[in-house]
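Below is one structure; the comments refer to it alone.
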Amino acid sequence: LFYDLNLPIAADDAAAAAMASVAAHLGYGGVAWNREVTGKINASHRNTRKKPVEAEEEEKLGVGFQSSALRMKQAHASHLSSGQHGAGLHQLFRLSCTVTSPAELQALNHHRAVLNSYDIVAVRPTNSKVFHGVCQSADCDIIMIDLSASGRLPFALKWKVV
């Protein structure tokens, strides 16, 4: 199964249905609707959205939708054991945070309820001090490092930390 873990949350349900339809047509088993945040996390960043493509849209798209990370893992396990694609496109919610200072990292760690409202939490540290803090104390699923500007690491990595 393939998953696209970085679909931006669409402005309207029609756009979301179109993106989900394309992902299903291309054979993806799941998508993660991504919300990007720069700066300090607070309670207003809590995920209050419902899955963009509701059950009534399933018939139009020809696929079933689920929103649980546990169901995604179970479907992936059954896919590996059976050798067949599972039915349905799994929808997850992802929070991507760009963290530039230890204070922002502390705010991220302090707002567990916000983090728990998402299925996937990704953190993009912008310097080595924040990267070290993310590796030690952040409760995240993905650590993103931006290589787009120069094709090189934006800061030196200490291998003991990694």
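Predicted model, so just to flag it, every value in this text is computed and none were measured.
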Item to check | Val121/Asp139 under side chain to side chain contact (heavy atoms under 4.5 Å, CB included): CA gap, chis, key distance, verdict | outcome: CA-CA 8 Å; Val121 176; Asp139 184 18; over 6 Å; no
Item to check | Check ion pair Arg94-Asp119 (N to O, under 4.0 angstrom) | outcome: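 No salt bridge links Arg94 with Asp119.
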What are the two closest heavy atoms between [X] and [Y], and how far apart are they?
X: Leu89; Y: Ala20; value: CD2-O, 3.6 Å
X: Lys129; Y: Pro102; value: CE-CG, 4.0 Å
X: Ala122; Y: Met144; value: CB-SD, 4.0 Å
X: Cys135; Y: Ile143; value: SG-CD1, 4.1 Å

Nearest 0.5 angstrom please: [X] [atom1] to [Y] [atom2], how far?
X: Ile120; Y: Asp141; atom1: CD1; atom2: CG; value: 6.5 Å
X: Cys97; Y: Ile142; atom1: SG; atom2: CD1; value: 11.5 Å
X: His111; Y: Lys40; atom1: NE2; atom2: NZ; value: 9.0 Å
X: Glu36; Y: Leu95; atom1: CD; atom2: CG; value: 9.0 Å
X: Ile9; Y: Asn34; atom1: CD1; atom2: CG; value: 7.0 Å
X: Leu92; Y: Trp33; atom1: CG; atom2: CH2; value: 11.0 Å

Within the distance-only criterion (no hydrogens, no angle test), does the side chain of [X] pair as donor or acceptor with the backbone N or O of [Y] below 3.5 angstrom?
X: Ser137; Y: Gly133; answer: yes
X: Ser117; Y: Val114; answer: yes
X: Asn127; Y: Thr100; answer: yes
X: His45; Y: Asn42; answer: yes

Next on the checklist: Going by side chain to side chain contact (heavy atoms under 4.5 Å, CB included), Phe131 matches just one of Thr126, Ile145, Leu105, Val123. Which one?
Outcome noted: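 With Phe131 as partner, Thr126, Ile145, Leu105, Val123 yield a single side chain to side chain contact (heavy atoms under 4.5 Å, CB included), made by Ile145.
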Checklist entry - Do the rings of His90 and Tyr3 sit parallel, tilted or perpendicular, given the 30° and 60° boundaries? => result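 Rings of His90 and Tyr3: tilted, as their planes differ by 30° to 60°.
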Next on the checklist: My understanding is that only residues two or more places apart in sequence, or in another chain, count here; which of them pass side chain to side chain donor-acceptor pair (under 3.5 Å) with Thr48?
Outcome noted: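 Thr48 satisfies side chain to side chain donor-acceptor pair (under 3.5 Å) with no residue once adjacent residues are dropped.
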Next on the checklist: I want to check something: taking the side chain as every heavy atom from C-beta on, are Asn47 and Arg35 in contact at a cut-off of under 4.5 Å?
Outcome noted: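 Side chain of Asn47 against side chain of Arg35, heavy atoms only: no contact under 4.5 Å found.
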Checklist entry - Do Val134 and Cys140 come within less than 4.5 Å of each other through their side chains, counting heavy atoms only? => result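 When only atoms from C-beta onward are counted, Cys140 and Val134 do touch, with a gap below 4.5 Å.
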Item to check | Pair Gln106, His110: side-chain N/O donor-acceptor within cut-off below 3.5 Å | outcome: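 Absent: no donor and acceptor within the cut-off.
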Checklist entry - Taking it one step at a time, do Asp146 and Arg124 satisfy salt bridge (Lys or Arg N to Asp or Glu O under 4.0 Å)? => result CA-CA 7 Å; Asp146 188 7; Arg124 178 184 293 127; 5.1 Å; no
